[in-house]
Novice: 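Below is one structure. I have some questions about it.
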Amino acid sequence: QVQLVESGGGLVQPGGSLRLSCAASGRAFSTYAMAWFRQCPGKAREFVAIINWSGLSTDYADSVRGRFTISRDSAKNTMYLQMNSLKPEDTAVYYCAVRPGIRLLYSMSEYDYWGQGTQVTVSS
C-alpha cells in the first residue's frame with residue numbers, strides 16, 4: 001500500500017501564494033505518475049497538475065498553467081505544488097494521487113492511491 005499525506009493548505013488573499021506538499025510512504029514504484037486534483041463543494045474533482053517519476057514530464061490544467069508549478073523531490077518522496085497568483089476560484093480541497101506506470105493520465109478514476117486532502121481558501 002501507499003500512504004499519501006498532503007500539507008500546506010490554508011487561507012490566502014487573492015494574488016498570494018501557497019506551496020502544497022504531498023509526502024509518500026509505503027510501497028515504492030519504479031515508474032509512476034503523481035498528480036494534484038482539486039474539488040470544490042458541489043463539483044466534481046478536477047485535474048490540476050501531473051508529474052512523472054523522472055520529473056521530466058509535467059502538465060497542467062489550462063486554468064492553472066503559468067501560475068502553478070508541480071515538482072518532486074525523490075530523495076524525500078515528496079511532491080509539491082507551488083501556487084502563485086491565487087484567485088478565489090482556486091478555492092478547493094486539493095488532493096494528491098499516485099498511480100504506477102509510465103503513462104500520464106488525467107482522470108481521477110485512473111489513480112489507485114489518494115491523500116486525505118488539504119483545504120485551500122483564497123479570499124480577502
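When reading the values below, keep in mind they use all heavy atoms of this one structure, side chains included, and skip hydrogens, waters and symmetry mates. Along the sequence shown, the residues carry numbers beginning at 1. Quick caveat: nothing in here was measured; it's all calculated off a predicted structure.
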Novice: Show every donor-acceptor pair shorter than 3.5 Å between a side-chain atom in residues 48-56 and any protein atom, with sequence neighbours excluded, or say none if there are none.
Specialist:
residue, atom, partner, partner atom, Å
Asn52, OD1, Ser54, N, 3.4
Asn52, OD1, Ser54, OG, 3.1
Asn52, OD1, Gly55, N, 3.0
Asn52, OD1, Leu56, N, 3.2
Asn52, OD1, Ser57, N, 3.1
Asn52, ND2, Ser54, OG, 3.2
Ser54, OG, Leu56, N, 3.1

Novice: May I ask you to decide if Gln116's main-chain N or O and Glu6's side chain share a donor-acceptor pair within less than 3.5 Å?
Specialist: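 Pair found, side chain donor or acceptor close to backbone of Gln116.
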Novice: Ion pair present between Asp62 and Arg65, side-chain N to carboxylate O less than 4.0 angstrom?
Specialist: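 The answer is yes: the pair qualifies as a salt bridge.
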Novice: Give a yes or no on whether the backbone of Ser124 and the side-chain of Gln13 come within a donor-acceptor separation of less than 3.5 Å.
Specialist: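 No; judged by distance alone, with no hydrogens or angles, the pair does not exist.
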Novice: Provide the closest heavy-atom pair for Ala33 versus Leu104 in the form atom of the first, atom of the second, distance.
Specialist: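 Where Ala33 meets Leu104 most closely, the heavy atoms are CB-CD2, 4.0 Å.
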Novice: Is the CG atom of Leu11 crowded by more than 12 outside heavy atoms at less than 6.0 Å?
Specialist: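 Counting neighbours around CG of Leu11, more than 12 heavy atoms of other residues, nucleotides or ligands fall under 6.0 Å, so yes.
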Novice: Over all heavy atoms of both residues, which pair between Arg72 and Tyr80 is shortest? Give the atoms and the distance, please.
Specialist: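 So the two residues come closest at CA-CD1, 4.4 Å.
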Novice: Do you know the tightest heavy-atom contact between Ile70 and Met34?
Specialist: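 Scanning both residues, the minimum pair turns out to be CD1-O, 4.1 Å.
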Novice: Please say yes or no: joined through hydrophobic side-chain contacts below 4.5 Å, possibly via intermediate residues, are Met79 and Tyr94 part of one cluster?
Specialist: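 Linked within one cluster.
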Novice: I'd like to know if the side chain of Thr121 pairs up with that of Ser123 as donor and acceptor (distance under 3.5 Å, no hydrogens or angles considered).
Specialist: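 Side chains of Thr121 and Ser123: no pair found under 3.5 Å.
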Novice: Please name the pair of heavy atoms, one in Ala35 and one in Phe37, separated by the smallest distance, quoted to 0.1 Å.
Specialist: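 It is CB-CE1, 3.7 Å.
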Novice: Got a donor-acceptor contact below 3.5 angstrom from the Thr91 side chain to the Val122 backbone?
Specialist: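 Indeed, once roles are kept as given, a pair shorter than 3.5 Å links the two residues.
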Novice: Identify the heavy atoms of Val2 and Arg27 that sit nearest to each other, and give their distance.
Specialist: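 Scanning both residues, the minimum pair turns out to be CG2-O, 3.5 Å.
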Novice: How far apart are the C-alpha atoms of Arg38 and Val64, what are their side-chain angles, what is the distance that settles it, and do they pass the side chain to side chain contact (heavy atoms under 4.5 Å, CB included) test?
Specialist: CA-CA 12 Å; Arg38 65 186 182 186; Val64 306; 3.9 Å; yes
Novice: Is any side-chain heavy atom of Arg45 closer than 4.5 Å to a side-chain heavy atom of Trp114?
Specialist: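 Side chain of Arg45 against side chain of Trp114, heavy atoms only: contact under 4.5 Å found.
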Novice: Locate the shortest heavy-atom distance separating Leu4 from Ala24; write the atom from each residue and the value.
Specialist: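 So the minimum-distance heavy-atom pair works out to CD2-CB, 3.6 Å.
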Novice: Listed by chain and number, what are the side-chain contact (heavy atoms from CB on, under 4.5 Å) partners of Gln1, not counting sequence neighbours?
Specialist: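 For Gln1, the residues satisfying side-chain contact (heavy atoms from CB on, under 4.5 Å) (neighbours in sequence not counted) are Gln3, Tyr113.
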Novice: Is it the case that the side chains of Arg99 and Tyr111 hold a donor-acceptor pair, with the cut-off being a distance below 3.5 Å and no angle test?
Specialist: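 No, Arg99 and Tyr111 have no side-chain donor paired with an acceptor closer than 3.5 Å.
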